[in-house]
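First up is the structure itself, then whatever we jot down about it.
Proteins get letters first, then strands, A, B, ... in listed order; numbering begins at 1 in each.
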Amino acid sequence: MEYNFRDIEGKWQNYWREQQSYRTEIDTKKQKYFVLDMFPYPSGAGLHVGHPLGYIASDIVSRYKRLKGFNVLHPMGYDAFGLPAEQYAIQTGQHPKVTTEQNINRYCEQLDKIGFSFDWSREIRTCEPNYYKWTQWIFIKLFHSWYNPKLDKAEPIENLIHLFEMNGYPADTIENFTGNIEIEIQQFSAADWKSFGEKKQQEILLNFRLAYLSEAWVNWCAGLGTVLANDEVKDGVSERGGFPVERKRMPQWSLRITAYADRLIKDLDELDWTDSIKEAQRNWIGKSEGTSIRFQLKQHAESVDVFTTRPDTIFGVSFVTLAPEHALVNQITTDDYRDAVNEYVTIAKNRTERERQADVKRISGQFTGAYVTHPFTGKDIPVWVGDYVLAGYGTGAVMAVPAHDSRDYAFAKYFDLAIPQVIEIPSDANHSGLDKESYDEKSGKLINSDFLNGLDVKVAIRKAIDAIEKNIFGKGRVNYRLRDAAFGRQRYWGEPIPIYYKDGIPYTIDESDLPLILPEIDKFQPTDDGNPPLARATNWKYKGEYEYEYTTMPGWAGSSWYFLRYMDPHNEKEFVSKEAVEYWKNVDFYIGGAEHSTGHLLYVRFWTKFLFDLGLIPINEPAQKLINQGMIQGVSAFVYRIAGDNKYISFGLKDQYETTALHVDVNITTNHVLDLYKFRSWREEYKDATFILENDQYICGSEVEKMSKSKWNVVSPDDIIDEYGADTLRLYEMFLGPLEQSKPWSTLGISGVHNFLRRAWRLFHDKESNFTISNEKATPEELKVLHRTIKKMEEDLERFSFNTTISLFMICVNDLTDLKCNKREILEPFLILLSPYAPHIAEELWNKLGNKESITKAIFPKLNETYLVEDNFDYPISINGKVRFKMNLSLKLSKEDVEQSVMTSEEIKKHIQGSPKKIIVVPGRIVNVVI
RNA sequence: GCUCGGGUGGUGGAAUUGGUAGACACGCAGGACUUAAAAUCCUGUGGCCUUAACAGCUGUACGGGUUCGACUCCCGUCCCGAGUACCA
């Protein structure tokens with residue numbers, strides 16, 4: 001009986017399903033461990049071999065932690081709302097619900113074949129009403145909350161109303177805290193507040209709510225017919241679909257994530273995440289500390305506020321630049337310049353984001369004719385308009401210091417403006433002089449700067465801020481790059497926003513009316529008058545009277561809290577019960593793609609902190625440990641068609657002709673050799689194809705690209721499982737290299753791990769393939785092989801180094817084969833170790849051996865003890881960075897001997913001077929000196 | 001441009017964080033078994049020189065440094081990947 005993975009895997013997958021082997025319940029006697037995968041969006045293409053990479057790793061961790069006695073929560077679900085299903089619906093009329101469900105079924109089928117230990121009884125789908133009911137519920141909570149800067153946390157909006165009733169606005173208990181975007185709110189007294197009508201009160205409150213409606217600059221994507229959040233836009237085009245994106249001002253639901261900017265940065269320190277993800281989040285939030293400075297306009301009452309991180313260069317200001325969208329531009333432009341400015345502003349505004357970005361090098365701008373007064377010198381400073389200044393960041397205006405800022409420098413050179421130097425360039429600086437480039441470094445001594453002269457830059461910054469604040473020219477202030485998150489999508493396939501309008505004022509629907517079910521509509525396009533698809537729904541009105549909101553929530557809404565729902569997925573009374581969240585707390589091991597580092601991971605942290613602030617959950621961060629699995633790229637194959645002919649030429653000869661490279665399905669090639677027969681029958685157009693071969697073969701060209709259907713380089717896990725089995729797939733994906741590294745898919749090495757499983761199988765069977773196991777006592781040598789494997793396997797797994805553990809198993813099997821060991825005492829523990837990686841084969845052999853539980857208990861408690869058996873220390877030991885030392889090679893040392901022979905490098909030096917014959921470094925960090 | 005990774009045999013990659021560089025696997029070469037092939041098993045495999053054998057030299061992108069000892073730490077240079085970008 002050879003290793004028949006097909007029978008074995010089917011058998012045990014059925015068994016696990018029937019027995020509900022991986023069903024998890026709260027068990028307060030056991031320690032919990034929550035292993036979570038970022039749940040997939042079920043796309044029509046099905047799973048490719050890259051998807052399971054993370055799932056396999058998390059499954060190994062889950063199974064391992066279960067063996068160690070933890071109560072493991074390991075669920076799976078689907079992020080089921082999203083654009084592709086809806087785009088498909090628009091094209092075909094097929095309801096997104098139908099396609100989504102088909103895709104989910106396909107995913108489930110594929111996942112089951114890999115032998116994951118998910119608790120499917122906890123499956124969630126974000127598009128189901130009993131799930132999105134609670135997404136809507138959280139939105140309502142956000143709407144009814146504001147961020148109290150004094151307490152540095154969110155609290156119910158009633159508290160703010162109470163403050164207004166007591167003190168009006170502003171009061172010293174409320175700062176003007178509306179997040180990153182400054183909204184002008186007129187001052188009012190407590191009496192004023194009470195005299196305001198409902199409408200006015202609600203309008204004021206909208207400025208403070210964490211979910212709010214406002215006129216805002218948005219990323220409008222005409223191709224998708226919707227607005228997008230910043231992280232959904234890449235290089236000026238939409239991440240999904242690649243349609244151009246432009247800036248547009250329109251009413252827009254947003255979430256005030258900026259209120260949490262500081263906490264989102266600060267709390268990163270406590271997390272066990274990679275530095276690159278933490279860094280990406282810090283950059284995305286983009287905290288920068290600086291100063292706002294007021295420049296008084298001449299012949300106007302108004303002044304221009306600028307934001308700068310370099311107040312020390314205040315004496316180097318040569319002009320002030322406003323963004324084309326800046327509110328003052330129109331007002332301050334003098335008649336002489338009005339036409340030129342209008343023309344410039346119109347052109348600048350009409351350029352799309354993409355054009356602006358593509359054109360960074362091109363300098364453009366226009367003088368307004370207006371002047372401001374320098375706050376310290378009183379000199380006149382010209383005011384310009386330039387599109388290198390962004391309306392959305394800081395105050396939308398900058399003080400230009402061309403000598404010490406490269407963008408100001410380029411602008412000044414182009415328009416021939418003054419470049420006054422205020423920092424002495426250090427002689428050791430690698431700088432070619434101010435007539436060539438600006439000097440941007442934050443080091444050097446100040447010159448030409450009045451009271452700042454002679455100071456070092458860092459000191460000067462502080463002194464400048466002091467002077468500015470003292471003279472009330474401005475104040476120190478913190479700016480964030482992070483914008484509030486656009487939350488409405490002009491789309492059908494998403495959670496309806498539980499809002500209705502009365503007198504043009506938004507109100508939330510009553511909690512008891514949740515969920516607000518997504519209505520059925522006849523077509524999924526926007527209406528002819530440009531309203532979102534939901535406007536097509538008949539009687540889309542609250543209580544039959546008030547218009548509902550037409551936009552739906554973005555794709556990331558449902559994924560921003562899903563980890564909590566897994567703890568209590570069927571609860572109809574609460575989004576999660578206190579009991580469940582008290583027990584499961586947050587995720588212990590979270591794994592997913594690095595592409596979510598600025599989107600999903602910020603939003604889920606934001607929502608978690610919000611729910612924490614309201615006292616609804618006891619945790620402040622969603623996931624303690626985060627790992628990003630690398631992407632598995634596809635290796636695309638190409639054939640080369642000779643121009644104007646249905647003739648194809650092999651890769652090595654293609655340079656002799658003019659050819660077009662065409663993607664060809666990698667599944668009809670083997671090691672770059674094209675299967676000509678399959679190629680001809682692949683597509684109608686290739687039926688009569690002819691070929692020019694080299695060495696009687698057609699060699700395809702290849703290139704590493706992202707795995708995608710359109711590039712014909714998708715390898716399905718199903719094919720691998722058919723040929724080698726799920727256990728081989730699991731081992732191979734882990735063996736491929738470090739989990740976090742991206743790598744192209746290749747099956748070249750797969751026979752190695754498959755062979756390993758067959759050799760392991762053979763340990764339990766004799767030459768005639770009969771199951772046979774010996775009850776003899778193990779020899780010390782055999783025990784050493786086992787214990788070495790146990791120890792290293794635990795060490796490596798605790799630091800999530802999956803690929804190296806597999807090498808260990810291979811060495812172990814090789815050694816046991818050499819020793820012809822088929823002893824129960826060795827093989828039973830070995831199987832336990834193997835079972836997280838190759839659960840099917842382990843389960844099968846277990847079934848023949850006997851009681852798994854008792855052996856697991858016997859072996860795993862010991863993992864916590866030192867497991868080196870009488871080692872003679874002929875291999876590595878190092879404690880506290882000190883070097884272990886043996887005087888003589890032949891001398892066998894006890895543990896104590898080694899402990900006592902700790903030496904410093906100085907001491908070793910002495911020995912070496914004493915004419916040693918040889919210095920040998922032996923395995924591990926023991927220095928061997930033979931004298 | 002900035003930030004974060006990375007550069008080790010023909011290939012994927014190890015090296016327990018400063019201690020025998022190249023584990024393990026693929027590939028390749030040779031051998032055993034076979035009429036033959038497949039499968040399986042054994043041997044060899046960084047480079048160079050040399051030997052009957054032992055051994056020797058060299059070697060972790062490049063140049064320098066610290067150290068008894070460097071793939072690992074420090075300085076400089078060159079490449080590759082990811083993220084981000086007129087953020088003042």
### Message
If I pick the C1' atom on B/U50 and the same atom on B/U60, what distance separates them, to the nearest angstrom?
### Response
26 Å
### Task
Answer yes or no: does a side-chain N or O of A/N479 lie under 4.0 Å from OP1 or OP2 of B/A88?
no
### Query
Using the ring of each side chain (for Trp, its six-membered ring), is A/H596 parallel, tilted or perpendicular to A/H600, with breaks at 30° and 60°?
perpendicular
#### Entry: A/D818, nearest nucleotide to its side chain (from B/G13, B/C42, B/A39)
B/C42
### Query
Taking CG from A/L834 and P from B/C24, how many angstroms apart are they, rounded to a whole number?
19 Å
### Task
Compare side-chain N and O positions of A/R481 against OP1 and OP2 of B/A85 and report whether any pair is under 4.0 Å apart.
yes
### Query
Can you tell which of B/U40, B/A25, B/U84 lies closest to the side chain of A/R758?
B/U40
### Task
Hunt down the Watson-Crick or G-U wobble partner of B/A39, both distances under 3.5 Å, from any strand shown, or write none.
none
### Task
Please report, rounded to the nearest Å, how far the P atom of B/C42 is from the CG atom of A/N755.
11 Å
### Nearest-angstrom distance from the residue atom OH of A/Y480 to P of B/U84
21 Å
### Query
If you check the A/T804 side chain, which of B/A88, B/A15, B/C41 turns out closest?
B/A15
### Summary
Heavy-atom nearest nucleotide on RNA chain B taken for A/K792 and for A/S742; more 5' hit belongs to A/S742
### Query
Heavy atoms under 4.0 Å, any strand shown: does A/S807 hit a base, just sugar-phosphate, or nothing?
base
### Query
Phosphate oxygens OP1/OP2 of B/A88: is one of them under 4.0 Å from a side-chain N or O of A/Y388?
no
## Note on the structure
When both distances are under 3.5 Å in a Watson-Crick or G-U wobble arrangement, the nucleotide paired with B/U60 is none
### Query
Which is true for A/N803 with a 4.0 Å heavy-atom rule: it touches a base, it touches only sugar-phosphate, or it touches nothing?
sugar-phosphate
### Task
Considering only atom C1', compute the distance from B/G64 to B/C86 and round it to an integer number of Å.
38 Å
### Message
Please pick, from B/C4, B/A25, B/A85, the nucleotide with the shortest atom-to-atom distance to any side-chain atom of A/W284.
### Response
B/A85
### Task
Determine which nucleotide pairs with B/U50, using a 3.5 Å limit on both distances of a Watson-Crick or G-U wobble pair.
none
### Distance, C1' atom - from B/G12 to B/C28, rounded to whole angstrom
16 Å
### Message
Tell me which nucleotide, if any, is Watson-Crick or G-U wobble paired with B/C73 when both distances must be under 3.5 Å.
### Response
B/G65
### Message
Using the C1' atom as the point on both nucleotides, what is the distance between B/U11 and B/A23, in whole Å?
### Response
16 Å
### Message
Do A/T395 and A/D305 pair up side chain to side chain, a donor and an acceptor below 3.5 Å, judged on atom types alone?
### Response
no
### Query
Testing A/Y724, A/W745, A/F802, A/Y837 for ring pair (Phe, Tyr, Trp, His ring centres under 6.0 Å) with A/Y732, which one passes?
A/W745
### Summary
note: A/L808, atom CG; B/G13, atom P; distance rounded to Å ~ 18 Å
### Query
For B/C78, which nucleotide is its Watson-Crick or G-U wobble mate, given both distances must be under 3.5 Å?
B/G7
### Message
Under 4.0 Å, counting only non-hydrogen atoms across every strand here, what does A/F756 touch: a base, just sugar-phosphate, or nothing?
### Response
nothing
### Message
Before we go on, tell me: are the rings of A/Y409 and A/H404 under 6.0 Å apart, centre to centre?
### Response
no
### Message
My understanding is that a pair needs two contacts under 3.5 Å, Watson-Crick or G-U wobble. By that rule, which nucleotide pairs with B/G12?
### Response
B/C24
### Nearest-angstrom distance, P atom, B/A88 to B/U67
42 Å
### Message
Taking the six-membered ring of A/W273 as reference, does the cationic atom of A/R605 (NZ for Lys, CZ for Arg) lie under 6.0 Å from its centre and within 45° of its axis?
### Response
yes
### Task
Mind running side chain to side chain contact (heavy atoms under 4.5 Å, CB included) on A/N479 and A/R477 for me, showing each step along the way?
CA-CA 7 Å; A/N479 242 321; A/R477 119 172 201 179; 3.5 Å; yes
### Message
If you assign A/E795 and A/Q741 each to the RNA chain B nucleotide with the nearest heavy atom, which residue ends up on the more 5' nucleotide?
### Response
A/Q741
### Message
Syn if the chi torsion is within 90° of 0, anti otherwise; quick check, which is B/G9?
### Response
syn
### Query
With respect to the side chain of A/V389, which nucleotide from B/A14, B/A88, B/C24 is positioned closest?
B/A88
### Query
Hey, do the aromatic rings of A/H374 and A/F315 have their centres closer than 6.0 Å?
yes
### Task
Mind calculating the distance between CD1 (A/I811) and P (B/G22) to the nearest angstrom?
13 Å
### Nucleotide of B/G27, B/A88, B/C24 approaching A/S751 most closely (side-chain heavy atoms)
B/G27
### Between B/C79 and B/A32 - C1' atom distance, rounded Å
48 Å
### Task
Under a 3.5 Å limit for both distances, which nucleotide forms a Watson-Crick or G-U wobble pair with B/C86, could you say?
none
### Message
When you measure from the side-chain N and O atoms of A/S276 to the phosphate of B/A82, is any distance below 4.0 Å, counting only OP1 and OP2?
### Response
no
### Task
Just call it for A/R282: base, sugar-phosphate, or nothing, with non-hydrogen atoms closer than 4.0 Å on any strand.
nothing
#### Entry: Span that lies between the P atom of B/C75 and that of B/G27, in whole angstrom
43 Å
#### Entry: Length of the line joining A/N283:CG and B/G83:P, which is rounded to integer Å
14 Å
### Message
Closer than 4.0 angstrom, basic N to acidic O: yes or no for A/K287 and A/D262?
### Response
yes
### Message
Say we look at B/C26 and B/U72: how far apart would their P atoms be, to the nearest angstrom?
### Response
30 Å
### Query
Counting side-chain heavy atoms from CB outward, which of B/A88, B/C4, B/C41 is closest to A/T309?
B/A88
### Message
Using whole Å, what does the distance between atom P of nucleotide B/C41 and atom CZ of A/R762 come to?
### Response
5 Å
#### Entry: Length of the line joining A/F735:CZ and B/A25:P, which is rounded to integer Å
7 Å
#### Entry: Aromatic ring proximity, centroids under 6.0 angstrom, A/F473 and A/F295
no
